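All ligand and atom numbering here is 1-based and tracks the order in the structure. The first residue of the sequence shown is numbered 1, and numbering continues consecutively from there. Just so it is clear, the model here is predicted, and its values are computed rather than measured.
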Amino acid sequence: MSLAPATRRLFDGVYRTLFEQHPQPMWVYDANDLSFLAVNAAAVRHYGYSLGELERMRVLDLHPAADQDRARMHWRDSRPARKRTWTHLRKDGSEAEVETTSTPIATEGVDARLVVAEDVTERNRADRALRESKQRYQALVGDAYESICLVDADGKIIYLAPALHRMFGYEDDELLGLDGFALLHSDDVGRVEELRREILSKPGTTTAFECRARMKTGEWRWLQGIAANMLTDPGVRALVLNYHDVTNRRRAEQALRQGEQPGGIDDWIWELDLDGRFTWSSPAVERMIGFKASELVGRYFWELYFPESHDKVKQFFARLVAARSGWTELVQRLRHKNGSECFVETSAVPRFDGDRMIGFRGSDRDVTSKTKFEQRIRHESRRDPLTGLPNRIYFQERLATVLQRTREQVAVLFIDLDHFKLVNDTFGHVVADNALQVMASMIRSIAGAEENVARLGGDEFTVFVPGISGHDEARAVATRLLDALAVPLTLDGNAIHMSASIGMSLFPVDGNTSAALMRNAEHAMHRAKDLGRNRIQHFTPAMREEQARRLALESDLRRALANREFLLHYQPLYDAATWNVVGMEALIRWQHPTRGLLQPDEFIALAERTGAIVPIGAWALHRACSDLMHCRKVTGRDLRVAVNLSARQLQEPELLDAIRDVVRDTGVDARLIEFEITESVAMQNAEATLPTLRALKDMGVSLAVDDFGTGYSSLVYLTRFPIDTVKVDRQFVGNVMTDSSAAAVVGAVVALARSLSLKTVAEGVETAEQRDFLSRHHCTEMQGYLFSRPIHIDAFLRLMRDGDKGR
Ligand code: C2E
Ligand code: CA
Ligand code: CA
């Protein structure tokens with residue numbers, strides 16, 4: 001990179017390495033004339049200009065004409081760390097949505113600012129996509145959209161199509177939030193309520209009913225409703241009701257039943273002789289199937305149907321003849337004169353001349369949109385919307401059917417993509433969804449039949465392979481899957497490397513029901529994950545024992561808090577300038593009654609999964625604060641206490657109150673508490689986490705990003721969160737003397753953090769060489785075995801008493 005001489009000094013060393021190699025566009029500019037002083041490779045790639053071109057340009061050249069004034073004001077502004085979102089122009093004229101963070105940096109003579117840019121086009125698109133998915137039901141119901149009502153599980157109306165509002169005689173939105181039953185006729189409530197209970201118990205099914213509803217005018221009208229339970233569909237989460245006014249038809253049927261000729265209705269009415277030939281037809285037939293009434297007289301009724309229906313139509317009339325009365329309904333496909341299809345519902349009664357049956361009278365009504373709606377719902381409710389693969393319910397049904405019939409072995413594979421969450425967090429939902437679709441089609445092509453594959457949700461898939469010779473053949477299929485999934489994907493210019501963990505179970509040896517086979521394959525998959533991912537694992541009964549062990553640990557964990565089995569060890573934090581102890585990190589241990597002293601890696605993950613971490617974490621905070629107060633009494637010094645917070649705790653709405661209680665109960669000064677949050681946790685759910693972090697800051701506590709460098713996140717995240725401290729992960733610290741890229745990362749993180757006025761703590765310092773390297777790079781604090789292991793509070797107090805100098 002060619003640089004202006006003044007900035008060259010600034011960019012020497014590791015700082016420069018980080019800048020150049022940083023995955024996000026970065027530049028340094030002069031706040032007086034807004035010229036670029038330095039630009040990194042990512043910026044060159046992102047904007048499409050050459051380095052030389054950018055160096056002759058001004059920051060304003062990235063902005064469209066309309067934004068010039070706004071941009072000029074912003075880039076001249078001297079307040080630190082300002083964040084903004086812009087539409088930027090690339091050289092080729094294309095637009096990108098970019099979020100920039102600008103920070104003043106110390107340089108001699110020049111008012112320079114460091115800008116980190118992030119292309120958020122994808123992220124914003126993902127947000128939009130999410131909004132669009134909310135409208136999925138619209139796509140789902142197609143033409144029926146105009147007649148849709150959405151209610152929640154309690155029957156409350158959450159959406160009602162404008163046309164329905166008008167039909168009821170209400171203004172748009174007037175009925176929202178209302179109990180749908182309030183509008184029903186009291187004679188119908190019981191029946192509809194019963195149907196509702198039934199359908200609530202069966203996600204993904206539909207049912208049809210008719211009921212009377214009161215219009216605003218007080219008039220009662222008959223409605224036909226088709227209800228679909230889409231409560232579990234992430235894009236809908238409601239009961240979908242499709243309503244049609246059938247009052248006219250009910251009246252016509254009434255009339256027909258009483259032997260009257262109904263008039264003034266839309267339905268097609270006809271009369272046939274005993275052989276099924278038309279003797280009369282109402283003109284409505286033309287609108288429905290294109291024939292004129294006069295064209296039909298003399299023709300057979302059944303001829304109008306598609307051939308596969310002929311027998312059913314004839315049987316329908318045979319039943320009427322046999323019963324000599326009655327009322328039956330038949331839904332079949334009619335052929336329109338132009339060849340297209342049309343679903344009709346036929347109702348008919350025999351006609352008599354005195355006692356003699358002379359023919360039939362009936363009506364047909366078009367139920368095409370209703371039938372198509374039902375078909376679509378039936379299809380959709382068995383499919384995963386993203387990939388079109390069967391869902392869990394359908395897969396289990398299919399597998400159960402196959403198991404009933406086969407005498408051969410069947411393999412069930414449970415596939416879980418490794419680290420998929422990181423793909424989601426790093427590349428955004430749109431790319432991640434694309435990746436899942438590609439994975440789905442890969443799995444489908446290897447499995448052979450699409451119906452033998454399912455996406456269970458998230459990044460989990462299952463496959464069953466019928467008719468296999470045994471274990472080896474099952475493994476061969478799984479190996480082919482693993483190989484196919486390992487081929488790197490390129491999506492939207494990102495290379496994505498995937499791997500998967502596959503668990504396998506075999507029918508009949510590993511289970512004889514679909515549920516058991518799936519469960520055991522899942523156990524095996526978990527085992528594959530534990531063994532390091534990207535592998536295939538066959539189910540063994542030992543896995544059930546492992547599972548049992550895990551369950552036992554889980555129940556022990558539930559009792560551990562009440563039994564006072566937890567304790568804290570403290571590891572001192574040293575100031576890298578004075579080598580005084582300035583703080584301590586609280587690290588939890590579990591004194592298990594039979595297994596001895598357990599380290600956090602043996603139980604923290606489990607505690608997070610079960611939620612036990614919430615009370616345990618609250619206990620740890622309380623303990624740490626009261627130990628801190630004790631320490632203050634004994635030594636007279638105010639140390640900082642670092643307490644680890646897990647993701648689960650951050651999501652807990654009661655977190656802030658719990659902390660306030662601890663502060664009040666122990667009398668600790670909130671400013672002495674620092675919460676450590678791992679990098680991945682902070683970025684996983686940035687939008688949700690940010691308000692909590694801000695509220696924590698408002699309480700006076702400080703925040704540290706733990707294990708920095710292990711996730712995909714970059715220093716941009718440092719400016720996004722209200723943090724005070726960066727803890728460089730011990731992996732990097734451990735490698736600074738042997739691995740030049742680890743050294744560059746550590747040096748660069750420390751330097752950049754410094755320019756953002758953040759403290760840096762290096763953890764896991766084990767050797768004097770590491771310590772000296774970190775000192776040279778102006779790391780603020782250190783922690784590690786070189787100084788002290790985590791120790792009991794009494795030992796910690798002795799250490800303070802005996803002189804705590806780290807050197
Ligand atoms: P962490 O927050 O990264 O904690 C630092 C870990 O590094 C500790 O492991 C510490 O013993 C270890 N360590 C410190 N100096 C050195 C060194 O020089 N060399 C090496 N090799 N290791 C060093 P520990 O105590 O096993 O804790 C492991 C993890 O468990 C912690 O990682 C933290 O994420 C979690 N943890 C510990 N206590 C709590 C807690 O109270 N709540 C929550 N949510 N998590 C906790
Ligand atoms: Ca920590
Ligand atoms: Ca750490």
- Is there a side chain to side chain donor-acceptor pair (under 3.5 Å) between D418 and S499 once you walk through the steps? CA-CA 6 Å; D418 297 332; S499 65; 2.7 Å; yes
- Query: Once rounded to 10°, what is the value of the angle centred on the Ca ion (ligand 2) between N644 OD1 and D706 OD2?
  - Reply: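 Reported to 10°, the angle equals 90°.
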Would you tell me which option among [options] has the nearest heavy-atom contact to [atom]?
{"atom": "atom 16 (C) of ligand 1", "options": "Y785, W619, F787, F566", "answer": "Y785"}
{"atom": "atom 12 (C) of ligand 1", "options": "M782, H569, Q731, R730", "answer": "R730"}
{"atom": "atom 2 (O) of ligand 1", "options": "D706, V643, I588, I616", "answer": "D706"}

- Query: For the Ca ion (ligand 2), what is the closest N, O or S atom on E585?
  - Reply: OE2
- Query: What atom name does the N, O or S atom of E676 nearest to the Ca ion (ligand 2) carry?
  - Reply: OE1
Give the numbers and elements of all ligand 1 atoms closer than 4.0 Å to a heavy atom of [X].
{"X": "Q571", "answer": "14 (C), 15 (N)"}
{"X": "S646", "answer": "44 (N)"}
{"X": "P600", "answer": "24 (P), 25 (O), 26 (O), 27 (O), 28 (C), 30 (O), 37 (C)"}
{"X": "E766", "answer": "17 (C), 18 (O), 19 (N), 20 (C), 21 (N)"}
{"X": "G784", "answer": "15 (N), 18 (O)"}

If you measure from each non-hydrogen atom of [X] to ligand 1, which part falls under 4.0 Å: side chain, backbone, both or neither?
{"X": "Q783", "value": "neither"}
{"X": "E608", "value": "neither"}
{"X": "D707", "value": "side chain"}
{"X": "P790", "value": "side chain"}

Should [X] be listed as contacting ligand 1, given a heavy-atom distance under 4.0 Å as the test?
{"X": "D601", "answer": "no"}
{"X": "G764", "answer": "yes"}
{"X": "E585", "answer": "yes"}

- Task: Can you sort out the partners of R533 under salt bridge (Lys or Arg N to Asp or Glu O under 4.0 Å), two or more places apart, ordered by chain and number?
- Result: none
May I ask you to say whether [X] pairs ionically with [Y], meaning some side-chain N is under 4.0 Å from a carboxylate O?
{"X": "E522", "Y": "R519", "value": "no"}
{"X": "K727", "Y": "E674", "value": "no"}
{"X": "E545", "Y": "R549", "value": "no"}

- Message: With no hydrogens and no angle check, just 3.5 Å: does a side-chain donor-acceptor pair link H538 and T540?
- Response: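 On atom types as modelled, these side chains do not qualify, holding no pair under 3.5 Å.
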- Going by atom types only, do N644 and E585 share a side-chain donor-acceptor pair under 3.5 Å?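 Per modelled atom types, N644 and E585 side chains form a pair under 3.5 Å.
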- Message: Using a 6.0 Å cut-off, check whether atom CZ of R595 has over 12 heavy atoms from anything other than its own residue.
- Response: yes
- Query: Should we say atom CZ of R632 is surrounded by more than 12 heavy atoms from elsewhere, each under 6.0 Å from it?
  - Reply: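 Not buried by this count: 12 neighbours or fewer within 6.0 Å.
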- Considering residues at least two apart in sequence or located in another chain, which fulfil the ring pair (Phe, Tyr, Trp, His ring centres under 6.0 Å) criterion with F566?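 Scan of F566 (ring pair (Phe, Tyr, Trp, His ring centres under 6.0 Å), adjacent residues dropped) gives W590, F603.
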- For the atom pair CE (M629) and CG (D638), what is the distance rounded to the nearest 0.5 Å?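 Reported value, rounded in 0.5 Å steps: 8.5 Å.
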